[in-house]
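Atoms considered below: every heavy atom in the structure, side chains included; atoms not considered: hydrogens, waters and symmetry mates. From a predicted model like this one, the values you see are computed outputs, not experimental measurements. Both ligands and their constituent atoms are indexed starting at 1 by order of listing.
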Amino acid sequence: MATATKTVSEEEEEVTTVKVNGSAVNGVPPVFTSSRELKVVFVLGGPGSGKGTQCSKIVETFGFVHLSAGDLLRAEIKSGNENGNMIQNMIKEGKIVPAEVTVKLLQKAMEESENDKFLIDGFPRNEENRAIFESVTGIEPQFILFFDCPEQEMERRLLGRNQGRVDDNIETIRKRFKVFVESSIPVVDYYETSGKVNKIDATKSVDKVFDSIRPLFDCFNHVSSNGYEEELTEAIKQHNINGSAVAITN
Ligand SMILES: Nc1ncnc2c1ncn2[C@@H]1O[C@H](COP(=O)(O)OP(=O)(O)OP(=O)(O)O)[C@@H](O)[C@H]1O
Ligand SMILES: O=c1ccn([C@@H]2O[C@H](COP(=O)(O)O)[C@@H](O)[C@H]2O)c(=O)[nH]1
């Protein structure tokens, strides 16, 4: 009689050869147990630029799952996990937590979700984050949303946020700005070379910012006969023609 039990070699094969989006990195298959075609958008921008606020609106309108790397790390502290103290200290200092920790949390959240569309907010924070995420998951982002906002405005927003965060004080905020310019902007520059960055003027009102983002996500809801990829490429082209071609200034 046939049984549902897998042999060890079958299980090994499943874990090591099932690939997200079908790509091996440097000849090493991604270690990811999902065979779904996952669509990921990275949401980047300085601290307080409004990433989380807009992610909530995108979730409501376009059915994405919002994965905030910062929220996952804060949940890890609360869970009493052995890494909790290390993470807490890094966040207090505005430093970037080692990539393996954050990538593992993101990977677990994606695997546990039944959705296939994810907004990854506040990640990758540096080149190490980017490289390890890509090699572990095999996922290339559909595009990058980059929230452009002057430090003065971000500082004003963070000091008014009132969520009791240990890093929303002026001393840590200044450190977070420095880390953002030195480590996170290079990631945006990297994706700019492949035309994946969509710069958003984040100084406008919440609704106006959302209006400028909306066309980039429409293709995920209604796929034309050309297919969603062509529709997305056209939306990105239009976004850039409308005056938002990326020119990152520090
Ligand atoms: N367009 C906007 N205009 C004015 N205030 C805003 C705007 N967008 C967000 N805010 C406010 O600014 C604060 C920071 O916003 P939010 O938490 O979305 O930023 P974030 O980029 O996710 O920050 P962090 O990276 O620190 O998590 C919040 O209090 C939010 O209500
Ligand atoms: O990928 C990440 C994301 C976040 N961190 C740390 O968390 C804080 C807060 O992040 P928010 O995105 O503002 O919620 C950040 O300053 C880092 O210390 C991280 O290390 N890696």
Side chain or backbone of [X] under 4.0 Å from ligand 2, or both, or neither, by non-hydrogen atoms?
X	result
Val179	neither
Thr102	side chain
Arg74	side chain
Gln88	neither

### Query
So, the side chain of His239 versus the backbone of Ile200: is there a donor-acceptor pair under 3.5 Å, distance only?
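Here the side-chain-to-backbone pair does not exist.
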### Task
Would you indicate which of Arg165, Lys204, Met154 comes nearest to atom 1 (N) of ligand 1 when only heavy atoms are counted?
Lys204
### Message
Heavy atom to atom 23 (O) of ligand 1, shortest distance: which of Cys149, Gly48, Gly122, Cys55 holds it?
### Response
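Closest candidate by heavy-atom distance is Gly48.
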Examine [X] against ligand 2 and note whether any of their N/O atoms are separated by less than 3.5 Å.
X	answer
Asp167	no
Asp71	no
Arg125	yes

Does ligand 1 have any atom that is closer than 4.0 Å to a heavy atom of [X]?
X	result
Gly70	no
Arg176	yes
Leu158	yes
Ser205	yes

### Message
Any heavy atom of Arg165 closer to ligand 2 than 4.0 angstrom?
### Response
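Within the 4.0 Å threshold, so yes.
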### Summary
for atom 4 (C) of ligand 1, nearest protein heavy atom and its distance come out as Arg157 NE, 3.6 Å
### Query
Going by atom types alone, do Asp207 and Ser205 pair a side-chain donor with an acceptor below 3.5 Å?
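There is no such pair (donor and acceptor under 3.5 Å, judged by atom type) between the side chains of Asp207 and Ser205.
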